[in-house]
Amino acid sequence: MNILEGKDITKLFIREGFLGSRSGCVEALKGVDFKVGSGEILGIVGESGSGKSTLARIICSLETPTSGSLIWDEKVFKGEKRKAHPAQMVFQNPYGSLNPKLTVGYMLREAVSAGSLKPIRNIKEDEIRKVLENVGLEEISLVSYPHQFSGGQKQRLGIARALALNPRLLVCDEPVSALDISVQAQILELIRLINSEKGIPVVFIAHDIEVVSMISSSILVMKDGRVVEYGDAANIINSPSAAYTRKLIEAVPVNPYM
Amino acid sequence: MEKLLKNKMVLSGLLIVFFFILVSVFAPYVYRHSPLEQNISHRLRAPCSRYIMGTDDLGRDVMARVIAGSRISLSVGFVSVGIALLIGVPLGLIAGFYGKGADRVIMRIVDIMLCFPTIFLILMVIAFLGPSIYNVMMVIGLTSWPGLTRYVRAETLSVRRREYIQSAEMMGIKKHRILFVHILPNTIAPVIISAALGVGSAILAESILSFLGLGVQPPAPSWGNILTLGKEYISHNTWWLLVFPGTAILMTVVAFNLIGEGLRDVLDPRRRKEK
């Protein structure tokens, strides 16, 4: 069964000129179809400007599509106010994804309360600890501030916050691009673990096809707002049909240590 | 807070301000002369052991008047900046957060306000309302909010786009909660800085108004109207009527500017790295 299906999604960004006149527009997405099955990891690859982040933002309802529809559990999604979104996002920039003025404890308390619809006061500390256990940070102090953590830890906290909301789908928008190689591997492993243990499907976005191939069960290759290739991950990596995909695979630098 | 006190600029600024506050609060109980007590036989005395800062044209003690004037100057500074904050910050938040129509209307008002040369606007309003210390506070406050609104709006716009705000939106957190818990605390740094600088310029504005005879009315003392006297008797070589209130104005304004500049260094991470 599909958790989420996107049908013919287009997005037009209109640049507003003086006094609301239209001075130009950018077509970010030109009819994208995709499906996320339960327990699946869908990797989305493409160069910058290919529309992959716009797609992620549309999945999370941070943008509204110009046309097309998102179908959650076979129902057209219209968005509910005051309720956590079924998709939660893990952001690219670990420095901007946590509010610098709030303690980690308070941030997670707010997330748990939003996920369970309980008032913030009634959230107990062990509920927060349970969330932190998911990302291997059970030892940290809840009264510390985000700047006291490393990039990898911040990214874990971002994942913890997303998990606290019991999402149907985890959207990771370039979650490892800002991290160094060894930490990248840990975060990828963590995402894979969350997917396999909790059964939460993941949409994983990266510009690096190697990273995507390491983690995904199916891959969607995008270029200029269009789907170039979509299918099973192993098939695409081993026998890419589109020329663009081949180019992406060839562009991966040869790792002398492997 | 520790970082604040380590910053030499903030520290020296705060020390000067505390000195003025202490003096203005306690000096009237300690100092023997009243700022209003006249003694015609001792008029226009140069500084001596009895009158440390000399006397004015009615034989009033200048030091007592400068001290009493510091009360007025500081309260004008704080009250008018308070008024400006109360108007400027909410408007900036609304403009930056809700955008669209609200943003357009508020920013056009700000543009219009910024088009007027402030001091003439103040002069005009005072001419209508009549000179009094309360009118001065009100008018300075009511004319100095547009800059704050711009700061807050710009900061709100940039904070709005941060990922943690989007994450809060995805959590389904109510808008006003996002505004007050997530956005406001992250926009407050430039507000504090410009408020500190604003106190200095408000004190200056009050001195100018009093100097022009539109602020605090004699016999009530203010730094500005002592200076006016100094101007009138300048041919009598009464330098003490100019130097002492002038120094007081200079010191407080410099103190608040030091605090403002120092806070900017402490609160702005990019400047912090340079050290």
Side-chain angles (χ1 to χ4, degrees), chain A residues 16 19-20 53 56-57 59-63 79-102 106-117 120 145-147 154-155 157-162 164-167 169-171 173-175 178, chain B residues 1-4 89 93 95-108 111 152 155-193 263 266-273:
Chain A
E16 224 173 74
L19 294 176
S53 283
R57 294 173 59 81
I59 293 175
C60 293
S61 302
L62 289 172
E63 307 274 0
E80 293 162 82
K81 273 199 170 162
R82 301 280 160 84
K83 226 179 138 189
H85 197 271
Q88 288 295 321
M89 177 111 85
V90 176
F91 295 95
Q92 170 176 12
N93 175 7
Y95 301 91
S97 64
L98 307 174
N99 186 338
K101 292 277 173 0
L102 296 183
Y106 188 84
M107 172 199 86
L108 291 172
R109 194 178 296 263
E110 189 174 48
V112 173
S113 119
S116 57
L117 296 176
I120 283 195
Y145 286 89
H147 68 87
K154 278 186 202 153
Q155 206 55 302
L157 287 169
I159 296 171
R161 177 178 59 193
L165 292 144
N166 302 313
L169 175 70
L170 198 61
V171 180
D173 185 9
E174 305 235 19
Chain B
M1 201 61 205
E2 262 175 58
K3 260 187 239 150
L4 274 187
V89 174
L93 278 176
F97 188 65
Y98 293 101
K100 293 178 188 146
D103 186 29
R104 277 187 200 153
V105 172
I106 291 172
M107 289 329 282
R108 287 305 81 76
D111 288 345
V152 175
E155 204 65 11
T156 307
L157 282 177
S158 88
V159 171
R160 247 214 96 130
R161 300 187 64 86
R162 304 266 161 83
E163 288 92 339
Y164 54 84
I165 303 298
Q166 296 171 359
S167 150
E169 276 168 11
M170 280 188 288
M171 285 185 203
I173 292 173
K174 292 173 196 136
K175 276 206 159 186
H176 65 85
R177 199 182 143 76
I178 293 183
L179 188 57
F180 289 113
V181 176
H182 295 273
I183 293 182
L184 183 59
N186 285 298
T187 58
I188 219 71
V191 173
I192 296 171
I193 295 163
L263 280 174
V266 176
L267 295 174
D268 187 343
R270 273 168 301 167
R271 293 192 180 217
R272 212 182 303 155
K273 269 178 205 156

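Note that the structure is predicted; figures quoted are calculated from it, not measured.
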Residues forming a side-chain contact (heavy atoms from CB on, under 4.5 Å) with A:Glu174, sequence neighbours excluded:
A:Lys52, A:Gln92, A:Ser177, A:Ile205, A:His207
Contacts of type side-chain contact (heavy atoms from CB on, under 4.5 Å), residue B:Leu157, not counting sequence neighbours:
B:Arg153
Heavy-atom closest pair, residues A:Gly96 and B:Tyr164
O-CD2, 3.0 Å
What heavy-atom pair brings B:Val181 and A:Asn99 nearest, and what distance separates the two atoms?
O-ND2, 4.0 Å
Please classify the contact of [X] with chain B as side chain, backbone, both or neither, using a heavy-atom distance under 4.5 Å.
{"X": "A:Leu98", "result": "backbone"}
{"X": "A:Ala162", "result": "neither"}
{"X": "A:Tyr95", "result": "neither"}

If you tally heavy-atom pairs under 4.5 Å between each of A:Cys60, A:Ala111, A:Pro100 and chain B, the highest tally belongs to A:Pro100
Pick from A:Arg161, A:Gln88, A:Glu110: which one has the most heavy-atom pairs with chain B under 4.5 Å?
A:Glu110
Measuring from B:Met171:CE to A:Leu165:CG, what's the distance to the nearest 0.5 Å?
5.5 Å
Would you give the length of the straight line joining atom CD of B:Glu169 to atom CE of A:Met89, rounded to the nearest 0.5 angstrom?
11.0 Å
Go through it in stages, so that I can follow the logic: the residues are B:His182 and A:Leu102, the test is side chain to side chain contact (heavy atoms under 4.5 Å, CB included), and I'd like the CA-CA distance, side-chain angles, deciding distance and then a yes or no.
CA-CA 8 Å; B:His182 295 273; A:Leu102 296 183; 3.6 Å; yes
At a heavy-atom separation under 4.5 Å, does B:Val159 approach chain A through its side chain, its backbone, both, or neither?
neither
Where on B:Arg177 is there a heavy atom nearer than 4.5 Å to chain A: the side chain, the backbone, both, or neither?
side chain
Test item: A:Phe91 and B:Gln166 side chains (from C-beta on) under 4.5 Å apart, heavy atoms
yes
Choice from B:Met170, B:Arg161, B:Arg162 maximising heavy atom contacts with chain A below 4.5 Å:
B:Met170
